[in-house]
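Here the structure is laid out as structure tokens; the discussion comes afterwards.
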Protein chains: 2
Amino acid sequence: MDKRATIKDVAEAAGVGVATVSRVLSGGSASPHTRERVLAVAAQLDYRPSALGRNLRQRRTGGMGLLVPDLTDTFYAQLAEGVLACARSAGEPVLLGSTGGDPEQEAELIGMLLEQSVDRLIAVPSGDEETWAPAIRAGMTVVFADHLPAPPSPVSYSGPFSGPSSGPSSGDDPAVRSVHDLMLLDGLSAAPRSRPLDAPSVVADDRAGIRTAVRYLRGLGHKRIAFLGGPGHDRRAAAFGEAVGAPVDEELVVFGTGSRDSAYAAASGLFQSRPDLSAVVAGGNVLGEAAVLAARELDLRVPRDVSLVMYDDVPWAELCSPPLTVIAQPGRDMGYRAAELVLRSGARKPRSVVLPTELIIRGSCGPHR
Amino acid sequence: MDKRATIKDVAEAAGVGVATVSRVLSGGSASPHTRERVLAVAAQLDYRPSALGRNLRQRRTGGMGLLVPDLTDTFYAQLAEGVLACARSAGEPVLLGSTGGDPEQEAELIGMLLEQSVDRLIAVPSGDEETWAPAIRAGMTVVFADHLPAPPSPVSYSGPFSGPSSGPSSGDDPAVRSVHDLMLLDGLSAAPRSRPLDAPSVVADDRAGIRTAVRYLRGLGHKRIAFLGGPGHDRRAAAFGEAVGAPVDEELVVFGTGSRDSAYAAASGLFQSRPDLSAVVAGGNVLGEAAVLAARELDLRVPRDVSLVMYDDVPWAELCSPPLTVIAQPGRDMGYRAAELVLRSGARKPRSVVLPTELIIRGSCGPHR
DNA sequence: TTGAAAGCGCTAACAC
DNA sequence: GTGTTAGCGCTTTCAA
């Protein structure tokens, strides 16, 4: 009773050839009588086809890979739940990897997936286009979620903790691109880019989300609004620059590197260096968390002293007092849709999807005073 | 340039047999000269052994499965990060499944893992011992994390949303065991159990954690202390019963079923049915979140009207105002240790691990008044 | 409609 | 120390 039945066992017990069993079980043609017989025997032997044999034969592992920077970031957890839900309903396995936002770990994990012959991958990318081009050229079907890989930058900016991130202004850190540069990314300029990667993706409508938030804050009378971003928030920062309009005060756009510590340092630095700001847009929930903590530490009241809008709606946003006003993006849906795309990729080249955001007004924004 | 090199390609290019290549690459014996030559050729061809062939040959897939109830529960996300960290450093893939706390989905996912020939599994179990016995008998090495599967109950209590959970007292729901029953689980009685499953596990020292919290609340003068639990919190509830001592007021021990809605309903029901309680111990972060929300909705101030201690330290615990006093358990470490156990399971039957908890006093508890 | 047979890439006996 | 060979369980031609 130890080892499982193989297709051969079923074939013998049913008095047919293995090919027939294989056909029946994968919905091929067979006479009603044979089919019934095979099915009965298979059930009786509790036969379950081994993925091992099939995978080797087809030279590919089923299922899909999923790469995210950090599961304790609730947004990525939501996204992962969406992917898992879709995969589960398709009966497909998911190989998960957490990159820590580090392109090197990401590359290692891609290598691992290649070794496993997993050729479908959903990724919230940390590395840039150069990192990803090989995987795609190797024949992997990659669907990016949340954002696309950044274009390769001449200034190498790699690794999550490679540069000082606590500087209050982007000007202190050569690795942090200026808002103007970021706006170029967003297609606002004709700056030539080396063969942009055209991979399908599922992202939120960052531009609309940010624009709505900025307009809302403007409507409350805020003039000095800051943006607090993290890795992968380039598009959001660009949208922010666009929304506030030129001239952009570059000291008001600050980036952390992905860790909670760095986010806190960035937020704290921002508040200290620019006490004149009256509102902050945080590019993700980890940054929002950092902003709340830093504000509290500096005795800044929300929203009396500073208004806050956070990207990502997470359960704890309501727990803060006051509850946080957020730009909600459908994390779970994004994951689900990405999984659908990658699974249906057999048919035709999947097209990208942009999902709507929603400004949910709670209590963390008040009138400028 | 399309297809990857196989072991045969390497063997031919190096002028040796495939067995030699296999040996060299897996650290077997070979002459220095041969070894060097093979390694050089392999590197030159960019050869990466395919897991497909190896898996089939060894009739087992490497890596490990990981089953958790819900990744958006930050504690499970931390645990998963620990598992992933260990797996990554071992170069092993992780197949992730989210069960939603539903034994049926859990069983399906176990079936999927069996089909993939994954024989090592880390699980935060939802089903009971009966659910798990088959998998273990089938030869899977299972390490349980956070808690063990519940013993099979004569009253079938299955599925996350199978029963009304919003009742304010456990007495309303026949599926919810009484505190006395729960204390039996904890070995406080000699009630005979059917062949208890002896699988290795990595859990927190729930009893000490809960006891410390209850003593702390007692020290603040609280007499009517409630416990708000969820699936898998049986041991915690039992420890609670033990810590408050007989006679246990059973109305003060309430369970949700795992969803945020049910947790909120349970918390709200508890507060409304027993306005005389002055402190609550929440058995997990989702329940703590629910307690804060329910208290706010009912205009109960924390900690003035009700003190709160939450199991799990999560980043947002500090964001609440007042910041939440918590029983911290090392989620990431638990995952890491569990992964170590399951990976080293080849050597000898792994022994269970109990990790310490720590009461972190913040601001959500005050003196009884 | 069905069966026999050829592998997929790898490891482990076994022979040299 | 090294090569030859026999499969692992499955799918897929190719004949019958």
Side-chain angles (χ1 to χ4, degrees), chain A residues 2-39 41-42 45-63 93 112-119 139 346, chain B residues 2-39 41-42 45-63 91 93 113-119 139 346:
Chain A
D2 193 38
K3 50 203 311 170
R4 287 163 50 192
T6 73
I7 197 174
K8 204 178 157 198
D9 299 326
V10 177
E12 284 172 3
V16 299
V18 292
T20 302
V21 177
S22 176
R23 272 187 226 107
V24 168
L25 266 49
S26 36
S29 63
S31 80
H33 175 259
T34 310
R35 145 169 278 105
E36 196 178 351
R37 171 143 188 71
V38 168
L39 254 23
V41 172
L45 293 184
D46 190 33
Y47 170 68
R48 307 211 42 181
S50 160
L52 258 31
R54 183 185 358 197
N55 290 346
L56 177 56
R57 175 64 225 238
Q58 308 185 149
R59 289 114 141 293
R60 58 188 296 281
T61 295
M112 190 266 283
L113 292 172
L114 247 21
E115 187 169 323
Q116 303 292 326
S117 301
V118 170
D119 60 357
Chain B
D2 192 37
K3 49 203 311 170
R4 287 163 48 193
T6 73
I7 197 173
K8 205 176 155 199
D9 298 327
V10 177
E12 283 172 3
V16 299
V18 290
T20 302
V21 177
S22 178
R23 273 187 224 108
V24 168
L25 265 51
S26 37
S29 63
S31 80
H33 175 258
T34 309
R35 145 168 278 105
E36 197 179 352
R37 172 142 187 71
V38 168
L39 254 25
V41 172
L45 291 184
D46 191 32
Y47 170 68
R48 309 214 37 185
S50 160
L52 258 31
R54 182 180 342 148
N55 290 347
L56 177 56
R57 175 65 228 238
Q58 310 187 145
R59 293 122 131 255
R60 58 188 297 282
T61 295
L113 292 173
L114 248 20
E115 187 168 325
Q116 303 293 325
S117 301
V118 171
D119 61 357

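The basis for the numbers below is simple: all heavy atoms, side chains too, and nothing from hydrogens, waters or symmetry mates. The chains referred to below are lettered A, B, ... by the order of the sequence lines, with proteins before strands, and numbering in each begins at 1.
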Which side-chain N or O atoms in residues 27-34 of chain B pair as donor and acceptor under 3.5 Å with protein atoms at least two apart or in another chain?
unit_1: B:Ser31; atom_1: OG; unit_2: B:Thr34; atom_2: N; d: 3.1
unit_1: B:Ser31; atom_1: OG; unit_2: B:Thr34; atom_2: OG1; d: 2.7

Residues, nucleotides or ligands: over 12 heavy atoms within 6.0 Å of B:Gln58 CD: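 Buried by this count: over 12 neighbours within 6.0 Å.
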
Nucleic acid contacts of residues 26-35 of chain A, taken as heavy-atom distances under 4.0 Å to DNA chain C: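 Contacts with DNA chain C under 4.0 Å: A:Ser29, A:Ala30, A:Ser31, A:Thr34.
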
Neighbours of DNA chain C within residues 15-24 of chain B, by heavy-atom distance under 4.0 Å: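 The stretch gives B:Ala19, B:Ser22, B:Arg23 as the residues lying under 4.0 Å from the strand, ordered by number.
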
Compile the donor-acceptor pairs under 3.5 Å between side chains in residues 6-16 of chain A and protein atoms, sequence neighbours left out, one pair per line.
unit_1: A:Thr6; atom_1: OG1; unit_2: A:Lys8; atom_2: N; d: 3.1
unit_1: A:Thr6; atom_1: OG1; unit_2: A:Asp9; atom_2: N; d: 3.4
unit_1: A:Asp9; atom_1: OD2; unit_2: A:Thr6; atom_2: N; d: 2.8

Those residues that, when tested against B:Glu115, pass side-chain hydrogen bond (donor to acceptor under 3.5 Å, both in side chains) (two or more places apart):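 By the side-chain hydrogen bond (donor to acceptor under 3.5 Å, both in side chains) rule, B:Glu115 matches A:Arg48.
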
A:Arg60: partners by side-chain hydrogen bond (donor to acceptor under 3.5 Å, both in side chains), with sequence neighbours left out: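 side-chain hydrogen bond (donor to acceptor under 3.5 Å, both in side chains) check on A:Arg60 returns A:Asp119.
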
Which residues share a side chain to side chain contact (heavy atoms under 4.5 Å, CB included) with B:Leu39, sequence neighbours left out: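 Residues passing side chain to side chain contact (heavy atoms under 4.5 Å, CB included) with B:Leu39: B:Val24, B:Leu25, B:Arg35.
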
Sugar-phosphate, base or nothing in reach of A:Leu56, heavy atoms under 4.0 Å: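 Base contact.
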
Estimated bend of the helix from C:dT1-D:dA16 to C:dC16-D:dG1 (axis per five terminal pairs, rounded to 10 degrees):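 That helix gives 40° between its end axes.
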
Positional range of nucleotides in DNA chain D within the contact set of chain B, heavy-atom, under 4.0 Å: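 Under 4.0 Å from chain B, the extent on DNA chain D is D:dG1 to D:dG9.
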
Going by atom type alone, with no hydrogens or angles, which donor-acceptor pairs under 3.5 Å involve a side-chain atom of residues 49-56 of chain B and a protein atom two or more places apart or on another chain?
unit_1: B:Ser50; atom_1: OG; unit_2: B:Leu52; atom_2: N; d: 3.0
unit_1: B:Asn55; atom_1: ND2; unit_2: B:Ala51; atom_2: O; d: 3.1

Short side-chain to backbone donor-acceptor contact, A:Ser26 and A:Ser22, under 3.5 Å: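 Yes, the answer is positive, given that a donor and an acceptor are paired below the 3.5 Å cut-off.
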
Positional range of nucleotides in DNA chain C within the contact set of chain A, heavy-atom, under 4.0 Å: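 So the outermost contacting nucleotides come out as C:dT1 to C:dG9.
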
Set of residues satisfying salt bridge (Lys or Arg N to Asp or Glu O under 4.0 Å) with respect to A:Arg59, sequence neighbours excluded: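 Once residues adjacent in sequence are excluded, A:Arg59 has no partner under the salt bridge (Lys or Arg N to Asp or Glu O under 4.0 Å) criterion.
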
